[in-house]
Amino acid sequence: MPILVKDYTWQQTEKEIFISVPLKGVAAGASNVMCTESYIKANFTPFLFEVFLFAPIDVDRSITKIGNGIILFTLYKQEPSIWDSLSIANADKETMKRLRENAITRVQEKAKEDAQSKAARKRENEKYSLEIMMKIDEEERKRIENLKEEERRKASEDLEKFKDQQRLEEQREQKRKEEEKQRNALNKSMFSDSPKSSIQAQKHKIEKVVPPTRKCGSIKIQFTPRVFPTALRESRMAEEEEWLQKQAEARRAINTDNLDLQDLKEEEKNPEWLKDKGNKLFAAGDYLAAVNALNLAIRLNDKMPTLYLNRSACHLKLRNLHKTIEDASKALELLTPPVPDNAAARLKAYVRRGTAFCELELYVEGR
């Protein structure tokens, strides 16, 4: 049984009615409002507010706002006047029941009409959209046909120009051959008629002095030994020298002072040997053993970036994604300054770190 709300307030002007209904702690989204010309109802469980209005109102202009703990009705009267009261006075139960049923029926009919009009508008919009799409398709088809026709016309013109050019070249070639043939015939007749001039021409050819050819020689070039595959640039010399010094220090920085490392075999104290062993274990698919070998190598020498780089690959295979990110980041710290000699290693570090971020669904960091 709903609880009727009676502690509402209302005000009026000649044209408008303002009704404020408290929600009594009920959420605004849990309320349901119905409004007709002579009946308004607000249902917010377990409370119910309903009024059989004194005179008819304009439903289309009327407004209902729900929020700040109240329901505010702004109702517009059909005829300007001052009402004696908000609701019908002394209405019996039968009258209220009839008015309520009429209101519900009118709301249902209006909802049905709205649904039908909405469906009709939707059909009209779909029909209009279809006509527009057909028109666009037709225009696009005509545009494509015009382009094809223009291309065919241009191709025909180019073909005709090419044929004309070929004919001109053939004519020129034929004319050149005829002129050459005439010159040969003329020269032949001149040589046959004047043997003396022919002998003088041969003597002139013999008397031409040809300069001697140059003697062969060889030039020896010696290149300065260089570690990097690129050419030496003065702007990069400081970075390259810094990288080479770091590499040399990394090869010398072997830590065997710990007591638990003194019992190792001689080859096990060599980080390069441990790195090669880790590579073999990685190739065999024994990623955990490869991590152990690289851990020992890093304890012996924590300045070699390739050790961290290889261990990041092992962690990536073992799905230790956070450790992959840590090792790749450490390798990038050691791969400084950026020079062509460490470009491939830096590429691998960025790829592995980005892959780990993406596997952790941190796509912005991975990008």
Tell me the closest heavy-atom pair linking P271 and L307, and the distance in Å.
O-CD2, 4.3 Å

Check: M34 and I40 side chains under 4.5 Å, non-hydrogen atoms
no

For the pair N342 (side chain) and P337 (backbone), establish whether a donor and an acceptor sit closer than 3.5 Å, ignoring hydrogens and angles.
yes

Are I57 and L53 close enough that some pair of their side-chain heavy atoms sits under 4.5 Å apart?
yes

For N68, does the CG atom sit with more than 12 other heavy atoms under 6.0 Å from it, leaving out its own atoms?
no

Minimum heavy-atom distance L309-A345, with the two atoms named:
CD2-O, 3.7 Å

Less than 4.5 Å apart, side chain to side chain, heavy atoms only: is that true for E170 and E173?
no

Is there a continuous path of hydrophobic side-chain contacts, each under 4.5 Å between heavy atoms, that joins I104 to Y39?
yes

Non-hydrogen atoms of L23 and A28 that approach each other most closely
CD1-CA, 4.2 Å

Check whether any side-chain heavy atom of K317 sits under 4.5 Å from a side-chain heavy atom of F282, and report yes or no.
yes

Could you tell me the separation between the CG atom of N310 and the CG atom of L274, rounded to the nearest 0.5 Å?
12.0 Å

Is there side-chain contact between R152 and K148, with at least one heavy-atom pair below 4.5 Å?
yes

Modelled atom types, side-chain donor and acceptor of R353 and T324, under 3.5 Å
no

Going only through I, L, V, M, F, W and Y residues with side-chain contacts under 4.5 Å, is there a path from L362 to I325?
yes

Calculate, to the nearest 0.5 Å, the distance between atoms CZ and CD belonging to R121 and E124 respectively.
11.0 Å

From the list E180, E178, E179, salt bridge (Lys or Arg N to Asp or Glu O under 4.0 Å) with R176 holds only for E180

Quick one: CG on L321 to CG on L316, what's the gap to the nearest 0.5 Å?
7.0 Å

Closest non-hydrogen atom pair between V107 and C35, with its separation
CG2-O, 4.4 Å

Heavy-atom closest pair, residues S117 and D114
OG-O, 2.8 Å

Close side-chain approach of H315 and R352, heavy atoms under 4.5 Å
no

Flag side-chain contact, heavy atom, 4.5 Å: I19 against T9
no

Gap between atom NZ of K65 and atom CD1 of I71 - 0.5 Å precision
14.0 Å

Step by step, work out the side-chain contact (heavy atoms from CB on, under 4.5 Å) result for V26 and S31.
CA-CA 8 Å; V26 179; S31 58; 5.9 Å; no

Passing option when Y8 is tested against F47, F18, F49, F73 for ring-ring contact (aromatic ring centres under 6.0 Å, His included)
F49

Applying the side-chain hydrogen bond (donor to acceptor under 3.5 Å, both in side chains) criterion to R153, which one of E151, E157, E149 satisfies it?
E157

Using salt bridge (Lys or Arg N to Asp or Glu O under 4.0 Å) as the criterion, point out the one residue from K110, R106, R61 that pairs with E37.
R106

Using modelled atom types only, decide if a donor and an acceptor are shared between the side chain of N184 and the backbone of K181 within a distance under 3.5 Å.
no

Heavy-atom neighbours of E138 CD exceed 12 at 6.0 Å:
yes

One should read off an interatomic distance between H322 NE2 and D327 CG, to the nearest 0.5 angstrom, of 13.5 Å

Joint cluster assignment, V291 & L281, ILVMFWY side-chain distance < 4.5 Å
no

Of Q12, E16, E14, which meets side-chain hydrogen bond (donor to acceptor under 3.5 Å, both in side chains) against K77?
Q12

With a 4.5 Å heavy-atom cut-off, do K24 and D7 have their side chains touching?
yes

Under the criterion side-chain contact (heavy atoms from CB on, under 4.5 Å), I'd like the reasoning laid out for K154 against E150: C-alpha separation, chi angles, the key distance, then a yes or no.
CA-CA 6 Å; K154 287 183 179 180; E150 183 68 17; 3.5 Å; yes

Reported OG-to-NZ distance for the pair S312 and K323, which is rounded to 0.5 angstrom
13.5 Å

If only atom types and distance count, is the side chain of N146 paired as donor or acceptor with the main-chain N or O of K142 below 3.5 Å?
yes

Heavy-atom nearest pair, V51 first then S87, reads CG1-CB, 3.8 Å

More than 12 non-hydrogen atoms from neighbouring residues, nucleotides or ligands closer than 6.0 Å to CD on E361, yes or no?
no

Give a yes or no on whether W10 and V33 share a hydrophobic cluster (residues Ile, Leu, Val, Met, Phe, Trp, Tyr; joining criterion: side-chain heavy atoms under 4.5 Å apart).
yes

Would a hydrophobic clustering, with Ile, Leu, Val, Met, Phe, Trp and Tyr connected at side-chain separations under 4.5 Å, put Y76 with L86?
no

Chi angles and distances behind the side-chain contact (heavy atoms from CB on, under 4.5 Å) call for F44, N32
CA-CA 6 Å; F44 44 101; N32 185 16; over 6 Å; no

side-chain contact (heavy atoms from CB on, under 4.5 Å) between K135 and E139, intermediate numbers included
CA-CA 6 Å; K135 185 177 179 181; E139 291 177 354; 3.6 Å; yes

